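What follows is a set of notes on a single structure, which appears directly below.
Quick caveat, the model's predicted, so the values are computed rather than measured.
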Amino acid sequence: MYPAFIEVGRVELTLYTDALITHGKVRTRQHRVTDILNLTEQSFLILEDVTVEEYGDRGQPIRADVAQVNLDTVLFAVADTPVEPSPELRTQKQPAAAMVSIPPFRVTGTIHLMAGEATIREALNELEQRFIPVTDATFWSDLVGEPRRSAVVVAVNRHRTQILAQHREVDPWAGLGGRPADEGAEGGADDEGGQLTG
């Protein structure tokens with residue numbers, strides 16, 4: 001399958017589809033989750049040591065030695081082991097906070113856009129790979145009851161994404177003069193410079 005001089009390893013992945021969470025190991029010469037998904041010549045991945053769970057099902061997961069997962073069904077993938085990029089693979093990019101709607105999930109984190117693009121619109125147009133990395137990511141689904149989880153990298157399937165937008169956190173207390181409990185406080189011991197937390 002691979003030339004003899006290329007070392008093939010096993011990378012742990014968790015794949016989220018519309019209804020299932022599939023965890024297993026894939027044999028590959030790639031290291032980064034996006035490379036594993038984007039550079040495969042097949043329309044599927046073969047996983048080993050597989051467990052499969054349905055959303056909201058807290059029973060015994062299905063187990064299999066080997067399973068095939070159709071990449072068209074994958075909403076996003078999470079690599080369980082972070083990998084540092086090789087220096088020769090580094091491309092000058094600019095980070096941008098992003099929100100991804102990929103029903104029934106939502107993902108927030110940082111996407112990396114080509115540097116030098118004049119506007120965020122032009123930079124988003126340059127995102128052509130099938131699976132796009134979102135770093136320092138948080139993902140969850142209120143609809144299917146999946147709690148918030150964090151990951152170093154989440155590779156989202158651009159073909160399944162409904163919205164990919166620039167995102168910023170908004171402080172709901174901004175401009176309101178602080179929380180009601182803070183009224184009358186004059187920089188007490190717990191004030192920390194007047195910055196709100198939580």
Side-chain angles (χ1 to χ4, degrees), residues 1-2 6-53 55 61 64 66-114 123-124 126-141 146-164 167:
M1 183 183 216
Y2 299 113
I6 295 178
E7 183 179 351
V8 177
R10 295 208 307 171
V11 177
E12 292 191 43
L13 294 178
T14 304
L15 306 176
Y16 288 76
T17 66
D18 295 290
L20 302 173
I21 305 171
T22 303
H23 177 84
K25 299 174 183 177
V26 59
R27 291 182 182 268
T28 178
R29 66 186 181 206
Q30 308 298 335
H31 300 286
R32 300 187 301 178
V33 59
T34 48
D35 290 340
I36 293 170
L37 298 170
N38 286 324
L39 299 180
T40 180
E41 297 177 355
Q42 309 294 335
S43 61
F44 55 83
L45 284 183
I46 298 294
L47 298 182
E48 302 173 351
D49 302 330
V50 179
T51 59
V52 181
E53 301 175 77
Y55 297 136
V66 181
Q68 181 191 96
V69 180
N70 181 351
L71 288 179
D72 287 340
T73 69
V74 174
L75 301 176
F76 59 90
V78 179
D80 299 315
T81 304
V83 174
E84 288 295 325
S86 301
E88 63 272 14
L89 296 178
R90 292 184 186 273
T91 304
Q92 189 66 31
K93 293 186 177 182
Q94 56 185 353
M99 182 276 292
V100 183
S101 175
I102 188 164
F105 282 87
R106 183 168 296 182
V107 181
T108 60
T110 302
I111 58 174
H112 300 270
L113 306 171
M114 294 300 294
L124 288 172
E126 295 298 318
L127 293 178
E128 297 179 345
Q129 288 189 313
R130 182 176 183 182
F131 285 89
I132 298 170
V134 180
T135 60
D136 299 322
T138 300
F139 58 94
W140 72 96
S141 174
E146 286 297 317
R148 289 175 181 258
R149 292 186 172 90
S150 298
V152 176
V153 180
V154 171
V156 298
N157 187 344
R158 188 172 54 84
H159 294 171
R160 301 295 305 274
T161 297
Q162 290 193 3
I163 299 173
L164 172 60
H167 172 69

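- The closest side-chain heavy-atom distance from R130 to D72 is below 4.5 Å.
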For this session: Go through the steps to decide whether E146 and I21 satisfy the test side-chain contact (heavy atoms from CB on, under 4.5 Å), and finish with yes or no.
Result: CA-CA 11 Å; E146 286 297 317; I21 305 171; 3.9 Å; yes
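- Smallest separation of non-hydrogen atoms from T51 and P61: CB-CB, 4.5 Å.
- For the residue pair A151 and F139, the shortest heavy atom distance occurs at CB-CE2, 4.1 Å.
- Each of V50, V74, T14, L45 was checked for a side chain to side chain contact (heavy atoms under 4.5 Å, CB included) with T22, and the lone residue meeting it is V50.
- Between D35 and R29 no salt bridge is recorded (no basic side-chain N to carboxylate O distance below 4.0 Å).
- Between H112 and T135, some side-chain heavy-atom pair lies under the 4.5 Å cut-off.
- Closest approach of S43 to N70, counting heavy atoms only: O-OD1, 3.5 Å.
- In plain terms, the two heavy atoms of P104 and S141 that are nearest each other are O-OG, 2.6 Å.
- For residues 151-163, every residue pair satisfying the side chain to side chain donor-acceptor pair (under 3.5 Å) rule, not counting sequence neighbours, is listed here: D18-R160.
- Side-chain atoms of D49 and R10, non-hydrogen and from C-beta on, do get closer than 4.5 Å to each other.
- Using a 4.5 Å cut-off on side-chain heavy atoms (C-beta onward), V153 and R32 make no contact.
- Here the shortest heavy-atom pairing between I102 and L75 reads CD1-O, 2.9 Å.
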For this session: With side-chain contact (heavy atoms from CB on, under 4.5 Å) as the test, would you mind laying out the steps for F44 and T73 before giving the verdict?
Result: CA-CA 9 Å; F44 55 83; T73 69; over 6 Å; no
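- Distance OG1/T138 to CE/M99: 13.5 Å, rounded to 0.5 Å.
- T110 contributes no side-chain N or O that, together with a main-chain N or O of P95, makes up a donor-acceptor pair within less than 3.5 Å.
- The two residues G109 and V134 make their nearest non-hydrogen contact at CA-CG1, 3.7 Å.
- Distance check: T40 OG1 to Q42 CD gives 5.5 Å after rounding to the nearest 0.5 Å.
- Note: F76 and Y16 have parallel aromatic rings, judged against thresholds of 30 and 60 degrees for the angle between ring planes.
- Between L71 and the options N38, T17, L37, a side chain to side chain contact (heavy atoms under 4.5 Å, CB included) holds for only L37.
- At a threshold of 4.5 Å between non-hydrogen side-chain atoms, the residues V100 and I132 do not count as touching.
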